Amino acid sequence: MYTKVTLSFFSFFLFSLTRIYIYIYILSVFKIQYIKKQERDHFLVVSMVQSEILYSLSNGVATITLNRPSRGNALTLAMNQAILNLLPVLASDPTVRVLILTGAGRYFCTGMDLGAAINIGANNSPHSPSKQQEHNPSNGFQAGLDVFDALYRFPKPLIARINGPCLGGGVGLVFVADIRIATNTAYFALTEVKRGIVPAIISQYLVPELGSLRAREYMLTGRQISTTEAHFLSAVVPQDQLDTKVQAYCQMLISSAPQAMADIKQLIHTVASRANPTNDDNVRLEVNKVYTNMMQSDEAAYGIQAFLNKQTPDWTAYLKKKSKL
């Protein structure tokens, strides 16, 4: 009798436990489906790389926000990788019709993070494998090249929502975008030359559009270019009208056929490169060489160290000191 009661109780316990697991599974499936619906129909925010890259999706418009306002949204290797991981997902999602790239805070983007770009001094020595990878010029070049190229070749319309100043590689992010909408307080500057470095990676996007004359002037002087002078912009508006203008462009793009827009982007790329399949490879070889040499040079080390110390580099003194060595 005791054995039968024990077996009955055990059977009842197993039956109840099984029902609980089934209920949990059904609820989890329902929750997943509900979340997926919420992602499609409502505003979704997902943080990556400790919130340095923010992603949102609303009504067919995806937004990537560079979220390092205290560092001018300067790009790191980890941020580049996060963007590279996200772009294929957005490209394959039919509910995503338009992509917006913007920055948090005052700046749109100030280019690569010079503090993480090169190893200078004992206090900046990387110890972890990830840090060593970040300081490797070859890795830095490839990651930088990949993220700009992935944005440039993204099959859906890309809008640069330029919320503030763009420096160095930040200017490159503007030039890989199809539509560029800026607040009238923004400005642009290729400041690399002031730090003893070269805008190598982004040159392949800037030079064809700017032309050699403007490219030489902007890259050699590093001067600020106002929005009134920046003829490479689609629209310039006051800060309080920026989102309204961006949304107006989004609506125009959403009303266009998706595959036709993808084909148009590919067509323009082919025509712009004059249908020469070897052109890109030759350019990238030269860009890679210039970038690698630059990041290993004494001049770059001096310029970046001055930047980290918040000093203006004295290039005359640098040359005098170097000539005595």
Side-chain angles (χ1 to χ4, degrees), residues 36 39-41 44 53 55-66 80-102 108-109 142-162 166 169-182 201-211 215 230-235 243 245-285 287:
K36 286 183 177 179
E39 288 180 4
R40 292 176 184 275
D41 298 339
L44 170 70
I53 296 291
Y55 163 65
S56 67
L57 174 61
S58 177
N59 299 320
V61 179
T63 302
I64 294 176
T65 303
L66 308 178
N80 285 343
Q81 191 58 56
I83 294 172
L84 288 171
N85 292 341
L86 182 58
L87 289 178
V89 177
L90 301 182
S92 62
D93 185 349
T95 66
V96 176
R97 299 292 311 282
V98 179
L99 175 60
I100 296 172
L101 180 64
T102 191
F108 175 72
C109 178
Q142 193 58 51
L145 176 64
D146 288 347
V147 76
F148 282 102
D149 194 56
L151 287 167
Y152 178 71
R153 296 177 185 274
F154 189 69
K156 301 175 182 182
L158 173 59
I159 297 177
R161 177 189 175 275
I162 306 165
C166 307
V171 180
L173 291 178
V174 171
F175 274 75
V176 297
D178 305 303
I179 308 293
R180 306 150 188 179
I181 306 169
I201 294 173
I202 64 174
S203 65
Q204 57 193 319
Y205 307 105
L206 273 66
V207 176
E209 188 172 336
L210 287 175
H231 301 301
F232 46 82
L233 298 175
S234 305
D243 287 330
K245 194 68 172 180
V246 169
Q247 287 305 312
Y249 268 92
C250 286
Q251 291 307 310
M252 285 189 280
L253 293 167
I254 288 175
S255 68
S256 300
Q259 187 57 52
M261 289 194 294
D263 292 342
I264 287 169
K265 291 190 64 170
Q266 180 58 46
L267 173 65
I268 292 172
H269 171 71
T270 302
V271 173
S273 61
R274 295 176 181 164
N276 182 358
T278 64
N279 185 55
D280 286 350
D281 292 337
N282 292 336
V283 168
R284 287 179 188 177
L285 284 173
V287 169

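What you are looking at is a predicted structure, and each value in this text was computed from that prediction instead of being measured. The residues of the chain are indexed from 1 along the displayed sequence.
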Under the ring-ring contact (aromatic ring centres under 6.0 Å, His included) rule, collect the residues that match up with Phe108, sequence neighbours excluded.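 Per chain and number, Phe108 pairs via ring-ring contact (aromatic ring centres under 6.0 Å, His included) with no residue.
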ring-ring contact (aromatic ring centres under 6.0 Å, His included) involving Tyr205 - partner list, sequence neighbours excluded: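 ring-ring contact (aromatic ring centres under 6.0 Å, His included) check on Tyr205 returns Tyr152.
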Residues that [X] engages under side-chain contact (heavy atoms from CB on, under 4.5 Å), provided they are two or more places apart:
{"X": "Ile268", "answer": "Ile264"}
{"X": "Lys156", "answer": "Val96, Phe154"}
{"X": "Ser203", "answer": "Val207, Met219, Val287"}
{"X": "Ser256", "answer": "Met261"}

Give me the atom names and distance for the closest heavy-atom approach of [X] to [Y].
{"X": "Cys250", "Y": "Ile159", "result": "SG-CD1, 3.8 Å"}
{"X": "Phe148", "Y": "Val176", "result": "O-CG1, 3.7 Å"}
{"X": "Val171", "Y": "Cys166", "result": "CG2-O, 3.5 Å"}
{"X": "Pro157", "Y": "Leu253", "result": "CB-CD1, 3.7 Å"}
{"X": "Val147", "Y": "Ile83", "result": "CG2-CG2, 3.7 Å"}
{"X": "Leu233", "Y": "Ala182", "result": "CD1-CB, 3.9 Å"}

Does the pair Leu66 and Leu173 meet the rule for a side-chain contact (heavy atoms from CB on, under 4.5 Å), with working shown? CA-CA 11 Å; Leu66 308 178; Leu173 291 178; 3.9 Å; yes
Partner set under side-chain hydrogen bond (donor to acceptor under 3.5 Å, both in side chains) for Arg180, not counting sequence neighbours: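 Arg180: side-chain hydrogen bond (donor to acceptor under 3.5 Å, both in side chains) contacts with Glu209.
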Could you pull out all residues at least two apart from Gln251 that satisfy side-chain hydrogen bond (donor to acceptor under 3.5 Å, both in side chains)?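 side-chain hydrogen bond (donor to acceptor under 3.5 Å, both in side chains) list for Gln251, sorted by chain: empty.
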Between atom [atom1] of [X] and atom [atom2] of [Y], what is the distance when rounded to the nearest 0.5 Å?
{"X": "Phe175", "Y": "Leu210", "atom1": "CZ", "atom2": "CG", "value": "4.0 Å"}
{"X": "Ile181", "Y": "Ser234", "atom1": "CD1", "atom2": "OG", "value": "6.5 Å"}
{"X": "Ile53", "Y": "Ile64", "atom1": "CD1", "atom2": "CD1", "value": "7.0 Å"}
{"X": "Leu57", "Y": "Leu90", "atom1": "CG", "atom2": "CG", "value": "8.0 Å"}
{"X": "Leu158", "Y": "Leu87", "atom1": "CG", "atom2": "CG", "value": "8.5 Å"}

What I want to check is whether the side chains of Gln81 and Asn85 have a donor and an acceptor closer together than 3.5 Å.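 Side-chain D/A pair, Gln81 to Asn85: present.
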Closer than 3.5 angstrom, by distance alone: can the side chain of Arg161 be matched with the main-chain N or O of Leu101 as a donor-acceptor pair?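 Between the backbone of Leu101 and the side chain of Arg161 there is no qualifying donor-acceptor contact (under 3.5 Å).
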Identify, with sequence neighbours excluded, every residue that meets salt bridge (charged side-chain N to carboxylate O under 4.0 Å, His left out) alongside [X].
{"X": "Asp149", "answer": "Arg153, Arg284"}
{"X": "Lys265", "answer": "Asp178"}
{"X": "Asp263", "answer": "none"}

Taking salt bridge (charged side-chain N to carboxylate O under 4.0 Å, His left out) as the cut-off, I'd like each qualifying pair that reaches into residues 245-261, sequence neighbours left out, listed once.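 Non-adjacent pairs meeting salt bridge (charged side-chain N to carboxylate O under 4.0 Å, His left out): zero.
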